[in-house]
Amino acid sequence: MTHATREMFDQYMAPNYAPAKIIPVRGEGSRVWDQDGRCYIDFAGGIAVTALGHAHPQVVDALKRQADSLWHLSNVFTNEPALELAKMMCEATFAERAYFANSGGEVNEAAFKLARRYAYDHHGPEKNEIISFDGSFHGRTLFTVSVGGQPKYTEGFGPLPGGITHLPLNDIDALRAAVSSRTCAVIVEPIQGEGGIRSCTREFLEAARAVCDEKNALLVFDEVQCGMGRTGSLFAYQHYGVTPDILTSAKALGCGFPVGAMLTRADIAASLAVGTHGSTYGGNPLACAVAGTVFSIINTPQVLDGVASRRRLIEDGLQAINARYPMFSEVRGEGLLIGWVLSDAYKGRAREVLNAALAEGLFVLVAGADVVRIAPSLIVPESDIAEGLESLERAVASVYAAA
Ligand SMILES: *Cc1c(COP(=O)(O)O)cnc(C)c1O
């Protein structure tokens, strides 16, 4: 095999990403090594995906054991790992039925189709309108970018699916005014991830629940990024105490193996009758064996209860850095989904902080141009947090000095 170099990306890959100059080759826990053997602390978690770090021994073992027994069947058959995962997810949540796919975008696509189909079955074809929110992100299929509230992701891809309205987040009056008898669903991320780590207020989610009940619309929570323990609760709806009708999960569910789940009640799931929807790989034994193991580890007090203390360590560290190099106005988000917001004087420089951190041996993320995003493993060791914060301080210092 040829030795892979970063130059090959520009030569052979579609140009829709702009990856870093280094190529990581190995990971363990919250550390990653590149081709030259340089070690990095990982505060990015593969964009809130590797919630148990890299190469977690039990997760690796689950994948290897399943790889030795059965990879794939198709949905002509069911399989044991899928059934076990569905049972676990239903027993731990409001849900009674699960549908599996391979990604967040796909389970959101399934959720939006189900919301329309349920309204069609129970109320007729006119009840098809979807309410969504500015800044939201739900995936990259045509339907999910259209429901998403970031116009840059639909530009040039029209004609787009219709019947979708976007409202400002946390505006209860606008929500009450917009939801009507023609609304089939309200779709919301309890904490917007890609949109800049913006939390919904509890009052807003409660109002969404009430207005959906009043107008017979379904409330859909996209927990692809904020679920699976990120807030310190298993799912963010439990953190907020507001129960949706449909919930989607992906990212951390597979800890890096592609898998997504849509959870809902039995009466709603009934509208996904035989033949209405499906996926070749969705619910595949390999993915479900990994997700079942991940789920059983994350859904424990040992993991969930550790989120708050790690949040405190990181948030205290960020405040201390900002006291010495005042570039930031606030720390946002819940649990280990953290947004560090640049103040007006430093707006637009989040990417510079990311690059400076990488140069100092630390992975962080951005969420838009003005927010540095931190989404580490839920079990990141305290010593790695301390070392990561030291690297981050050096990175912030260099951007501060250059400004
Ligand atoms: C990442 C993300 C998605 C899309 O998931 P993919 O697996 O990339 O399709 C959808 N919704 C939210 C909230 C996300 O963060």
Side-chain angles (χ1 to χ4, degrees), residues 14 16-17 19 44-51 99-115 130 132-150 152-154 157 164 166 169 185-200 205 208 219-231 235-237 239-240 244 246-263 279-284 287-288 290-291 294 332-339 365-368 371 373-376 378:
N16 59 313
Y17 304 115
I47 316 190
V49 167
T50 50
Y99 165 83
F100 297 122
N102 313 292
S103 65
E106 280 174 275
V107 284
N108 282 331
E109 181 87 18
F112 305 164
K113 284 179 68 180
L114 173 57
I130 289 173
S132 175
F133 299 96
D134 296 339
S136 63
F137 182 80
H138 300 296
R140 298 293 201 136
T141 68
L142 196 60
F143 197 0
T144 55
V145 283
S146 303
V147 173
Q150 302 194 51
K152 64 183 178 195
Y153 293 142
T154 52
F157 293 120
I164 301 163
H166 295 95
L169 193 71
V186 173
I187 320 277
V188 64
E189 292 165 81
I191 305 159
Q192 286 189 349
E194 302 307 308
I197 317 296
R198 289 174 201 278
S199 301
C200 290
L205 294 180
L219 181 60
V220 181
F221 281 2
D222 178 348
E223 296 213 20
V224 168
Q225 187 156 165
C226 64
M228 287 303 292
R230 244 331 100 207
T231 61
F235 286 107
Y237 87 86
H239 172 82
Y240 279 100
I246 301 176
L247 180 151
T248 56
S249 175
K251 288 202 166 94
L253 179 61
C255 258
F257 200 95
V259 63
M262 177 183 72
L263 304 177
S279 158
T280 295
Y281 287 125
N284 159 302
C288 292
V290 170
V294 169
R332 288 203 294 234
E334 315 291 318
L336 288 173
L337 186 55
I338 301 172
L365 301 162
V366 299
V371 180
R373 174 170 36 164
I374 295 177
L378 306 182

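Atoms within a ligand are numbered from 1 in the order they appear, just like the ligands themselves. All heavy atoms count here, side chains included; hydrogens, waters and symmetry mates do not.
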Nearest to atom 11 (N) of ligand 1, what protein heavy atom do you find, and at what distance? Asp222 OD2, 2.7 Å
Is the shortest side-chain heavy-atom distance between Thr141 and Glu106 below 4.5 Å? no
Provide the number and element of each atom of ligand 1 under 4.0 Å from a heavy atom of Ser103. 7 (O), 9 (O)
Quick test: of every protein heavy atom, which one is nearest to atom 7 (O) of ligand 1, and how far off is it to 0.1 Å? Gly104 N, 2.8 Å
Give me the atom names and distance for the closest heavy-atom approach of Gly260 to Val107. C-CG1, 3.4 Å
Between Arg198 and Glu189, does a salt bridge (Lys or Arg N to Asp or Glu O under 4.0 Å) hold up when you go through it step by step? CA-CA 9 Å; Arg198 289 174 201 278; Glu189 292 165 81; over 6 Å; no
What distance do Phe235 atom CZ and Leu263 atom CG have between them, rounded to the nearest 0.5 Å? 6.0 Å
Aromatic centroids of Tyr237 and Phe221 separated by under 6.0 Å: no
Proximal ligand 1 atoms for Lys251, defined as those under 4.0 Å from one of its heavy atoms: 1 (C), 2 (C), 3 (C), 14 (C), 15 (O)
Please write down residue, atom name and distance for the protein heavy atom closest to atom 9 (O) of ligand 1. Gly105 N, 2.7 Å
Answer yes or no: are there more than 12 heavy-atom neighbours, outside Tyr281 itself, under 6.0 Å from its atom OH? no
Just let me know how His138 lines up against ligand 1, side chain, backbone, both or neither, with a heavy-atom cut-off below 4.0 Å. backbone
Atoms of ligand 1 close to Glu189 [distance to a heavy atom under 4.0 angstrom, numbered from 1]: 13 (C)
Close N or O approach (Gln225, ligand 1; < 3.5 Å): yes
Find all atoms of ligand 1 within a distance of less than 4.0 Å from any non-hydrogen atom belonging to Gly139, and give their numbers and elements. 4 (C), 10 (C)
Could you list the atoms of ligand 1 found under 4.0 angstrom from a heavy atom of Asn108? 10 (C), 11 (N)
